[in-house]
Every structure is written in structure tokens, then in C-alpha cells.
Amino acid sequence: MNFCFSGLHDNEDSDGEETESVVSESRVPVGKYHVKESFAPILRSIFEKYGDIGASCHLESVVMRSYYVECVCFVVQELQSTPIMQLAKSKIMELMAILKDVESAQLRVAWLRSIVDEITENIELIDEHCVAETAKANSDREVESLNKELESNLEILAQKEQEVTDIKTRIEAIRERLSELELKSCDLDKNILSIKSKVDNLDSKSLLDELV
């Protein structure tokens with residue numbers, strides 16, 4: 001929480017160049033507190049809406065009371081200046097840690113705690129939404145890729161099925177031709193046997209004898 005320390009003790013006597021280098025912004029009185037000028041409008045607005053949030057603070061020092069009030073103003077300023085969509089988890093954790101310290105000093109900041117808690121829930125929902133969108137995008141890409149692969153394989157399958165159909169048609173034609181040839185071969189065998197039988201029965205000698 002070093003961001004709240006800058007110029008915090010300029011209402012007290014201090015010596016050394018280190019203290020002088022810390023003073024970077026003038027302070028103005030708001031109620032019973034002295035806060036940075038940039039925090040003054042925020043603190044006035046808080047007082048108007050929620051009253052003196054430091055009235056129940058157990059700290060005796062006005063400087064320390066002012067410091068913790070400034071911390072509350074810092075949290076409000078951070079929330080007002082940063083859109084919820086741009087709030088990082090680390091930033092929210094930092095603001096919640098500041099609130100925890102402020103609550104330990106017994107400042108009345110339940111109103112701010114509820115806002116920060118709600119913002120935290122919203123950020124978690126946003127993160128869940130982002131995770132879900134990323135998962136959906138990855139799923140969509142995989143679906144698209146698988147659909148393309150399926151379409152390609154279906155085309156290949158259609159080609160193969162056509163090839164199988166063509167081969168089956170050729171096989172059927174070959175079988176029909178083979179059946180025809182087998183019948184023809186059988187007829188030829190019978191014809192050959194018949195002719196051979198006649199040839200075997202020829203009496204070539206007697207034929208020659210008749211020539212003379």
C-alpha cells in the first residue's frame with residue numbers, strides 16, 4: 001500500500017531530504033482529516049452519502065486516520081477510473097487487501113466492501129465467460145476440422161464404392177462370359193470326340209485299294 005504513503009506526514013515535523021522527496025501533493029482539510037487534494041472531492045462525496053466513515057476508527061493520530069481515509073479514497077478512485085472489464089484479478093486482490101487493513105482500523109466501509117465483492121464476482125463471471133468462449137471457439141474449430149475431414153473421407157468412400165460397383169459389374173460380365181465359354185468348350189469337346197470317333201473308324205487301306 002505504498003501508494004497511500006506519499007505526502008502523508010507533511011502535517012508533522014520531519015527532517016531529512018527523504019521526507020521532502022515524498023511530498024508530492026498538497027493536502028486540504030476535509031472534515032477532521034487532511035487528505036491529498038486529488039482525494040478531497042471523493043472524500044466529500046463519501047461523507048455526503050455515508051457520513052464520517054472514520055468516526056469509529058480506534059486510531060488516535062489524525063495523521064493515521066487521514067491515511068486510512070485516503071486508502072478508502074484510493075480504492076474508490078481506482079474503481080472509478082478503471083472499467084470493470086479491464087480490472088485484473090491482481091488489482092482486485094490489492095484493493096481487497098487495502099480494504100482488509102482499513103476494516104482492521106474499524107473504518108465503516110461495509111458499503112465499499114459489498115461493492116468490491118460484487119465486482120469480484122462480476123470479474124469471476126467475466127473470466128468464466130472468457131474461458132467458456134475460448135473452449136467454444138476451440139470446439140468450433142475442431143468441429144469444423146472434423147467436418148472437413150469427414151467430407152473428404154466420404155468423398156473417398158464414394159469413389160471407392162463406385163470402384164467396387166464397377167469391379168462387381170466387370171466380375172459379373174466376366175462370369176457370364178466364362179459361363180458362355182465353358183458351354184461352348186463343352187460343346188466343342190463333344191464335337192471333337194464325335195469327329196475323332198469317325199476319324200478313328202476310317203479304313204484308309206480299303207479306300208486306297210479301290211483306286212486300282
Side-chain angles (χ1 to χ4, degrees), residues 1-140:
M1 297 191 301
N2 293 334
F3 40 76
C4 290
F5 279 104
S6 178
L8 192 63
H9 301 289
D10 56 337
N11 289 321
E12 295 184 344
D13 291 335
S14 57
D15 43 42
E17 293 179 359
E18 182 179 352
T19 301
E20 291 179 3
S21 66
V22 171
V23 179
S24 59
E25 186 178 342
S26 61
R27 280 183 154 66
V28 296
V30 178
K32 297 180 291 186
Y33 311 95
H34 286 80
V35 297
K36 291 179 181 180
E37 191 172 359
S38 60
F39 287 150
I42 296 175
L43 186 56
R44 292 191 188 99
S45 178
I46 291 173
F47 283 174
E48 288 175 5
K49 191 168 184 179
Y50 303 104
D52 185 357
I53 61 173
S56 58
C57 181
H58 63 76
L59 299 172
E60 297 293 335
S61 168
V62 174
V63 173
M64 292 306 297
R65 284 171 177 259
S66 297
Y67 164 70
Y68 279 98
V69 167
E70 277 191 338
C71 287
V72 175
C73 292
F74 173 81
V75 173
V76 173
Q77 186 182 67
E78 286 293 294
L79 295 177
Q80 287 178 338
S81 62
T82 309
I84 292 179
M85 295 291 289
Q86 296 178 13
L87 276 171
K89 277 189 175 180
S90 58
K91 172 59 71 175
I92 286 293
M93 295 301 293
E94 178 186 353
L95 298 181
M96 290 181 71
I98 294 172
L99 273 181
K100 186 176 180 180
D101 289 340
V102 169
E103 288 169 335
S104 68
Q106 297 181 2
L107 271 71
R108 296 200 304 265
V109 290
W111 54 275
L112 185 54
R113 164 65 69 177
S114 65
I115 292 172
V116 172
D117 286 344
E118 185 175 354
I119 290 174
T120 301
E121 291 177 4
N122 290 339
I123 289 176
E124 288 176 354
L125 285 175
I126 291 170
D127 287 346
E128 288 178 9
H129 181 259
C130 289
V131 170
E133 280 195 332
T134 300
K136 178 65 165 58
N138 291 337
S139 177
D140 288 346

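The shortest distance between side-chain heavy atoms of Glu118 and Asn122 falls below 4.5 Å. Val109 has its side chain out of reach of Val75: every pair of non-hydrogen atoms, C-beta onward, lies at least 4.5 Å apart. Inter-residue side-chain proximity for Val28 and Phe39 is flagged as unmet; no heavy-atom pair is nearer than 4.5 Å.
Among residues two or more places apart in sequence or in another chain, the salt bridge (charged side-chain N to carboxylate O under 4.0 Å, His left out) test is passed with Glu78 by Lys91. For Asp117, the side-chain contact (heavy atoms from CB on, under 4.5 Å) partners at least two apart in sequence or on another chain are Met96, Arg113.
When all heavy atoms are compared, the tightest approach of Leu43 to Cys73 is CB-SG, 3.7 Å. For the pair Val62 and Lys32, the tightest heavy-atom approach, listed with the atom from each and the gap, is CG1-O, 3.6 Å. In this structure, Leu59 and Ala105 approach most closely via the heavy-atom pair CD1-CB, 4.2 Å. What you find for Tyr33 and Asp52 is that their closest heavy atoms are OH-OD1, 2.7 Å. The nearest pair of heavy atoms linking Arg108 to Ala55 is NH1-CB, 3.8 Å. Minimum heavy-atom separation, Ser66 to Val35: O-CG1, 4.2 Å.
At a cut-off of 3.5 Å, with distance as the only test, no side-chain donor of Gln106 or Ser56 sits close to an acceptor on the other residue.
Relative orientation of the Trp111 and Tyr50 rings is parallel, given thresholds of 30° and 60° on the angle between their planes.
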